[in-house]
Structures are given as C-alpha cells and as structure tokens.
Amino acid sequence: MKKVKWGVLGTADIARGCTIPGMQMAENCELYAVAGRSLEKAESFRDTFGFEKAYGDYESLLSDEAVEAVYIPLPNHLHYEWVMKAMAAGKHVLCEKPLAPTAKQAQELFEAAKKYNVVLMEAFAYLHSPFVAALKEEVASGVLGDINYMESAFMTPGYDMTNIRMHKDMYGGGVYDLGCYTTSLTLWLMGEEPEEIKALAEFAPSGVDTFATAFLRFKNGARASLNCGMVFDKEHPARMDRHYIHGTRGYIKSDVGYNIEGDLSYTLCVDGKKEEKTVFSLQNYRLEVEQMGRCILDGEKPHVSAEFSILNAKVLDGILKEIEY
C-alpha cells in the first residue's frame with residue numbers, strides 16, 4: 001500500500017498522546033519527520049515514535065521535499081501562520097481545531113489551499129467516528145420525527161496560568177478549546193446554519209472565558225443549547241460530555257466523550273420505547289489520518305469539508321461576539 005510521508009510541526013501534548021499514536025496505526029501513513037522548537041524535543045519524539053528525521057525548527061521540516069503532508073498541533077494563535085506557510089511549501093495540511101480564530105481567516109486558508117493545489121482539513125478527529133455517523137444516520141432517517149432541540153456540553157478541569165488555554169493573546173478560553181466541539185457536533189447533526197445566536201460567559205482575570213453557554217435557533221424552529229467550560233477542580237480531574245437530541249417522536253441521550261474509541265452506547269427512545277444501541281469505533285485519530293491520506297492518494301473529498309469548517313468558525317464568531325471576547 002502506498003503511504004503518505006508525514007511531517008509533524010510541533011510537539012504538543014495532543015500530538016504525543018492522541019494524533020501520533022493514531023498515525024502509527026494508520027495503514028497509509030509513514031511517520032517521516034518531526035519538528036520542535038528545539039532539536040532536543042524533536043529528537044525525543046523521533047526516538048519515542050520512530051520518525052526518520054528530527055528538525056529543531058519548523059522551516060527546516062517544510063523545506064524537506066520528501067514531506068508530503070503536515071500535521072499542525074501548534075497553539076491556536078499559530079495555526080493561521082503555519083498552515084499558510086506549509087501550503088505555500090506545497091504540503092497538504094491537517095491542522096488542529098480551531099483552524100483559524102475567525103471565519104474570514106478560515107476562508108482565506110481554504111482559498112489558499114486551492115491556489116497551492118493542496119488538501120487542507122481541520123482536525124476534528126471525533127467527526128470521523130462511526131459513533132457520530134450513527135447519530136447522524138438516526139437523525140437523517142427521521143426516526144425521531146422533526147428535531148426540535150439539541151443539547152451539547154463539554155466540561156473539563158480548570159488550568160493555571162502556565163497553560164496556553166489561559167492566555168487570551170494565544171486565543172485561549174473555553175469557547176475556542178471546548179466550544180468548537182459543541183458547535184461542530186450540533187451543526188453536523190442539524191445540517192444547517194442557525195438564524196439566531198445568543199450567549200453569555202464568565203471570565204478569568206486573564207480575560208479568557210472559563211464558562212460559556214450559547215443558544216442557537218434554526219430556520220425550522222429547532223433550538224440548541226451549548227455549554228462549555230474549564231470549571232472542575234484542578235486537584236480532582238473530571239470531565240463531562242453530554243449529547244441530547246430531541247424530536248417530535250423521541251430522543252437520543254449519550255454521555256460518550258468526544259474522541260473515545262471502543263464499544264460506545266447511546267439510548268434511543270421512540271414512541272416511548274427505549275433501546276440501547278452500541279457502535280464500535282477505532283481510534284478516532286487513526287481514522288482521521290487515514291481519511292486525509294485517501295484524500296491525498298485517491299482524490300477522496302475531506303470528510304470535514306471547507307464549507308463545514310467555515311460555517312463552524314462563523315458560529316464561533318457569533319458566540320464570541322455575544323460574550324464580547
């Protein structure tokens with residue numbers, strides 16, 4: 001099987017703990033090069049994961065002609081710059097969410113991808129999960145009747161000021177870090193843009209939002225409630241993921257976390273009859289990387305499309321405007 005030679009631009013925790021392990025599993029992926037802010041960090045990743053090459057700066061990796069695709073797990077405020085540089089160097093790009101801080105900048109990146117004739121995809125690994133596909137199929141089938149309400153929540157522990165999520169100049173805060181999951185899932189299942197957005201939030205002294213709640217209303221009258229926050233005790237780590245879809249005939253309830261693999265279950269209730277359904281999912285980051293590889297090698301369309309990423313960014317723009325971020 002032909003494989004894509006990948007470079008990883010950065011040594012962030014999500015690369016170490018999630019995406020690179022997924023890349024190791026992906027059948028059409030070759031771990032070729034990794035770059036860090038220091039050569040020592042890059043060499044550590046090379047030795048740990050089996051990359052062929054390590055670079056002590058990002059430019060050197062982008063100058064390596066053997067690199068075909070680049071995964072970017074850098075902090076939010078660096079996404080736009082390095083996605084643009086990678087594409088200008090002729091590399092296909094998979095970039096962590098949020099792709100860009102605004103819908104305008106996301107659109108600029110996709111326009112540049114067309115100019116440079118490369119594939120660009122935003123890294124929402126969980127959207128590649130068969131579990132999410134099953135939820136979408138349930139909604140699309142009409143088994144719930146007309147959808148009139150959705151709820152999505154994503155809560156994690158708080159962070160101290162050493163964490164990039166607590167820095168506004170790095171586009172930190174709960175909406176960028178967690179809210180993008182709740183908006184993307186809602187839009188993925190609803191399949192349309194909301195007509196109205198309302199939101200409010202509370203903030204840390206550094207100016208980042210630590211809790212936010214948003215209300216979306218859609219053209220057909222359906223509503224969505226979204227909650228995200230870095231609110232749980234730092235000393236006793238906890239996490240809450242909640243998804244609720246209500247229609248005129250029934251509902252779906254799920255507490256399955258984003259990017260979870262294995263046997264995943266949700267409750268389907270139609271006309272008063274409850275049923276537990278289970279879906280098996282491989283490691284989500286593997287699925288994401290394999291799909292990106294098929295886009296590059298076989299001309300498959302990105303599962304997370306340009307149109308979807310721009311729409312999600314537009315909704316995030318609306319929420320951030322409402323909370324005056």
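Every heavy atom of this structure was used, including side-chain atoms; hydrogens, water molecules and symmetry mates were not.
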May I ask you to check whether D317 and T102 show a side-chain donor-acceptor distance below 3.5 Å?
no
Side-chain touch V208/R165, heavy atoms, less than 4.5 angstrom:
no
Euclidean distance, D255 CG relative to S265 OG, rounded to 0.5 Å
11.0 Å
Before you tell me yes or no, could you show the steps for H167 and H77 under side chain to side chain contact (heavy atoms under 4.5 Å, CB included), namely the whole-Å CA-CA distance, both residues' side-chain angles and the distance that decides it to 0.1 Å?
CA-CA 10 Å; H167 294 266; H77 69 296; over 6 Å; no
Out of curiosity, R239 CZ to M155 CE, how far, rounded to the nearest 0.5 Å?
12.5 Å
Less than 4.0 angstrom from a charged side-chain N to a carboxylate O is my criterion; do E261 and R286 meet it?
no
Salt bridge present between E111 and K115 (N-O < 4.0 angstrom)
no
So how far is it from Q291 CD to M121 CE, rounded to the nearest 0.5 Å?
5.0 Å
Can you find a pair of side-chain heavy atoms, one from V256 and one from D241, that are under 4.5 Å apart?
no
Take atom CD in E276; do more than 12 heavy atoms of anything else shown fall under 6.0 Å from it?
yes
Pi-cation contact, Y55 with K53 (under 6.0 Å, within 45°)
no
For the residue pair S281 and S129, confirm or rule out a side-chain donor-acceptor distance under 3.5 Å.
yes
Evaluate the side-chain proximity of L99 to L120: yes if any heavy-atom separation is below 4.5 Å, no if none is.
yes
Could you walk me through whether L62 and V67 satisfy the side chain to side chain contact (heavy atoms under 4.5 Å, CB included) test, starting with their C-alpha distance in whole Å, then the side-chain angles of each, then the deciding distance to 0.1 Å, before giving a yes or no?
CA-CA 7 Å; L62 295 182; V67 174; over 6 Å; no
When you measure from the centre of the six-membered ring of Y325, is the NZ or CZ of K168 under 6.0 Å away and within 45° of the axis?
yes
In Å, rounded to the nearest 0.5 Å, how long is the span from CD1 of I72 to NE2 of H79?
7.5 Å
Take atom CD of E275 as the centre, draw a 6.0 Å sphere, and report whether it contains more than 12 heavy atoms from other residues, nucleotides or ligands.
yes
Passes side chain to side chain contact (heavy atoms under 4.5 Å, CB included), V34 versus Y32? Steps please.
CA-CA 7 Å; V34 60; Y32 173 72; over 6 Å; no
Knowing that exactly one of M23, K2, K3 qualifies, which makes a side-chain contact (heavy atoms from CB on, under 4.5 Å) with E30?
K3
What verdict does the ring-ring contact (aromatic ring centres under 6.0 Å, His included) test give for Y266 and F131, after you've listed the backbone C-alpha separation in whole Å, the side-chain angles of each residue and the deciding distance to 0.1 Å?
CA-CA 9 Å; Y266 61 93; F131 179 79; 5.8 Å; yes
Does a side-chain heavy-atom distance below 4.5 Å link I20 with L31?
yes
State whether a side-chain donor-acceptor pair under 3.5 Å links Y71 with E96.
yes
What I want to find out is whether D57 reaches R37 closely enough, with some N-O distance under 4.0 Å, to be called a salt bridge.
no
Check against salt bridge (charged side-chain N to carboxylate O under 4.0 Å, His left out), D146 and R249:
CA-CA 8 Å; D146 295 329; R249 290 189 57 200; over 6 Å; no
Taking the side chain as every heavy atom from C-beta outward, state whether Y58 and L74 have any atom pair closer than 4.5 Å.
yes
Walk me through whether H243 and Y258 qualify under ring-ring contact (aromatic ring centres under 6.0 Å, His included).
CA-CA 10 Å; H243 321 299; Y258 292 98; 5.0 Å; yes
Close side-chain approach of L268 and L144, heavy atoms under 4.5 Å
yes
No-hydrogen, no-angle side-chain donor-acceptor test under 3.5 Å, Y80 and E108
yes
Nearest 0.5 Å, please: how far is OG1 in T210 from OH in Y159?
12.5 Å
Could you check N227 against T182 for side chain to side chain contact (heavy atoms under 4.5 Å, CB included), going step by step and ending with a plain yes or no?
CA-CA 7 Å; N227 294 283; T182 65; over 6 Å; no
Are E192 and K219 ion-paired here, with the side-chain N under 4.0 Å from a carboxylate O?
no
Run through E196, E193, E195 and flag the one making a salt bridge (charged side-chain N to carboxylate O under 4.0 Å, His left out) with R217.
E196
When rounded to the nearest 0.5 angstrom, what is the spacing between CZ in F124 and CH2 in W188?
10.0 Å
